[in-house]
K.L.:
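Below you'll find the structure I mean.
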Amino acid sequence: MPHTDALARLWPASAVSVRAGDLELRWIDDELLVQLAELAGRGIHDPGMMPFEHPWSRGTADEVARSVLAFQWGARHRISSESFVLELAVLHDGIPAGVQGLTANEWPVLRRVTTGSWLGRAHQGRGVGTRMRMLALHLAFAGLGAREAASGAFVDNGPSNAVSRRVGYESDGAFHVAREGVAVLHNRFLMSRERWESLRGDHIATLGAPIEMQGVEAFRASLAKNVGS
């Protein structure tokens with residue numbers, strides 16, 4: 001069936017969403033982006049820690065919000081047959097809670113996605129991080145046909161490491177990454193398609209509702225058509 005929405009027809013990524021019950025991952029339009037930027041400005045982590053390789057979350061509320069705007073505007077066009085950056089808003093009970101991203105390089109050959117995410121502090125510690133990662137994996141494997149999914153976190157980022165282990169990733173070693181002028185160990189995690197399939201039932205039980213995807217088939221087809229650069 002042809003798209004009835006002009007933007008979705010021209011840019012299929014704009015119609016992507018995946019939902020399970022009260023949790024949804026959805027393309028970030030400008031209205032959502034402003035809400036997410038202001039959410040990030042209110043804080044993502046304790047001032048004494050830094051979970052990101054690039055410290056974009058430091059600064060005043062407006063400075064952090066502008067960093068979110070700049071990154072997301074710059075990421076939107078990065079979709080082609082060879083690589084893509086798909087940034088999705090996390091909505092919990094319809095309220096913007098954070099961002100879940102999927103990035104792929106040499107996609108036709110590797111079929112590997114790398115996930116990255118953040119949650120506003122008010123939404124942390126409620127199981128949202130675990131469930132949104134499960135939704136992202138369902139999108140990657142069931143929706144896009146990925147072969148494997150990678151993730152990572154600095155060793156001192158306890159919550160992120162815990163989410164990866166809880167979801168069922170396997171450890172793939174650790175390596176040093178420069179963070180604010182210091183070499184810090186960064187854990188790497190890997191989920192193969194076979195392992196995801198073995199855990200799929202557990203993930204659905206944790207999500208607590210059937211998974212619904214929209215716009216994914218058209219987006220997957222667009223990756224083979226070199227829709228951007």
Side-chain angles (χ1 to χ4, degrees), residues 1-40 68-108 110-120 123 128 131-147 149 193 196 200 203-204 207-229:
M1 174 179 274
H3 291 299
T4 56
D5 180 80
L7 179 59
R9 176 176 58 83
L10 294 169
W11 200 256
S14 67
V16 169
S17 73
V18 54
R19 172 195 290 272
D22 62 358
L23 193 67
E24 180 184 10
L25 308 182
R26 183 200 304 170
W27 169 263
I28 303 173
D29 60 23
D30 278 346
E31 182 179 355
L32 266 177
L33 178 54
V34 172
Q35 295 177 68
L36 290 166
E38 292 179 334
L39 174 66
V68 173
L69 293 175
F71 177 82
Q72 293 296 335
W73 282 331
R76 282 178 175 174
H77 75 286
R78 294 169 59 189
I79 296 173
S80 73
S81 61
E82 294 300 317
S83 63
F84 63 82
V85 177
L86 182 63
E87 293 279 304
L88 302 172
V90 179
L91 302 176
H92 186 218
D93 283 329
I95 298 172
V99 170
Q100 175 69 67
L102 292 87
T103 302
N105 294 305
E106 298 185 86
W107 173 248
L110 299 178
R111 293 285 173 175
R112 178 196 299 129
V113 298
T114 299
T115 60
S117 63
W118 61 264
L119 279 173
H123 303 277
V128 175
R131 294 168 63 216
M132 67 196 239
R133 187 86 67 85
M134 291 175 174
L135 275 184
L137 290 174
H138 186 88
L139 172 59
F141 288 116
L144 303 181
R147 180 180 294 122
R193 167 174 282 278
W196 173 76
R200 188 174 184 177
H203 287 187
I204 292 173
L207 287 165
I211 301 172
E212 304 172 10
M213 294 192 293
Q214 295 184 353
V216 177
E217 184 176 345
F219 173 66
R220 181 175 179 174
S222 76
L223 295 177
K225 296 178 181 179
N226 200 18
V227 299
S229 59

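The chain is numbered in sequence order, starting from 1. Keep in mind that the numbers below use all heavy atoms, side chains included, and drop hydrogens, waters and symmetry copies.
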K.L.:
Can you name the nearest heavy-atom pair linking Ile28 to Ala89, along with the distance?
P.N.:
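Heavy atoms of Ile28 and Ala89 come nearest at CG1-N, 3.2 Å.
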
K.L.:
Rounded to the nearest 0.5 Å, how far apart are CE of Met134 and CD1 of Ile211?
P.N.:
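Separation between the atoms: 9.5 Å.
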
K.L.:
Check whether any side-chain heavy atom of Gln72 lies under 4.5 Å from a side-chain heavy atom of Leu32, and answer yes or no.
P.N.:
no

K.L.:
Is there a side-chain contact between Arg131 and His92 in this structure, where contact means two heavy atoms from C-beta onward sitting under 4.5 Å apart?
P.N.:
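SC-SC contact between Arg131 and His92 confirmed.
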
K.L.:
Is there a side-chain contact between His123 and Leu39 (heavy atoms, below 4.5 Å)?
P.N.:
yes

K.L.:
Is there a donor-acceptor pair closer than 3.5 Å between any side-chain N or O of Asp93 and the backbone N or O of Ile95?
P.N.:
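A pair under 3.5 Å: no.
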
K.L.:
Just wondering, do Phe141 and Val113 contact through their side chains at under 4.5 Å, heavy atoms?
P.N.:
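They are not in side-chain contact.
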
K.L.:
Please report the closest heavy-atom contact between Gly143 and Met213, naming both atoms and the distance.
P.N.:
CA-CE, 3.8 Å

K.L.:
Test side-chain contact (heavy atoms from CB on, under 4.5 Å) on Leu144 and Phe84 and set out the steps.
P.N.:
CA-CA 12 Å; Leu144 303 181; Phe84 63 82; 4.0 Å; yes

K.L.:
In the structure I gave you, are the side-chain heavy atoms of Trp11 and Trp27 within less than 4.5 Å of one another anywhere?
P.N.:
yes

K.L.:
Would you name the heavy atoms of Val16 and Gly215 that are closest together and state the gap between them?
P.N.:
CG2-O, 3.7 Å

K.L.:
Is there a donor-acceptor contact under 3.5 Å from the side chain of Arg147 to the main chain of Leu110?
P.N.:
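Present.
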
K.L.:
Answer yes or no: is there a side-chain heavy-atom contact under 4.5 Å between Leu139 and Leu86?
P.N.:
yes

K.L.:
Distance check, rounded to the nearest 0.5 Å: His138 atom NE2 versus Leu25 atom CG?
P.N.:
11.0 Å

K.L.:
Supply the atom-to-atom distance Ser14 OG to Arg9 CZ, rounded to the nearest 0.5 angstrom.
P.N.:
11.0 Å

K.L.:
Would you give the length of the straight line joining atom CZ of Arg200 to atom CZ of Arg193, rounded to the nearest 0.5 angstrom?
P.N.:
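One finds 8.5 Å between CZ of Arg200 and CZ of Arg193.
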
K.L.:
As an exercise, state the distance from CG of Leu33 to CH2 of Trp73, rounded to the nearest 0.5 Å.
P.N.:
6.5 Å

K.L.:
Please tell me if the side chains of Leu119 and Met132 come closer than 4.5 Å, counting only heavy atoms from C-beta onward.
P.N.:
yes

K.L.:
Is the shortest heavy-atom distance from the side chain of Pro96 to the side chain of Val90 under 4.5 Å?
P.N.:
no

K.L.:
Mind listing the closest non-hydrogen atom pair of Ala146 and Trp107 along with its distance?
P.N.:
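Scanning both residues completely, I find the closest heavy atoms to be CA-CH2, 3.7 Å.
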
K.L.:
Please report the closest heavy-atom contact between Ser17 and Val216, naming both atoms and the distance.
P.N.:
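Shortest heavy-atom separation between Ser17 and Val216 comes out as O-CG2, 4.2 Å.
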
K.L.:
So how far is it from Arg133 CZ to Leu135 CG, rounded to the nearest 0.5 Å?
P.N.:
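Arg133 CZ to Leu135 CG: 12.0 Å, rounded to 0.5 Å.
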
K.L.:
So which atom in Leu102 and which in Ala136 form the shortest heavy-atom distance, rounded to 0.1 Å?
P.N.:
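For Leu102 versus Ala136, the nearest heavy atoms are CD2-O, 3.8 Å.
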
K.L.:
Among Gln214, Glu24, Glu212, which residue satisfies the side-chain hydrogen bond (donor to acceptor under 3.5 Å, both in side chains) criterion with Arg19?
P.N.:
Glu24

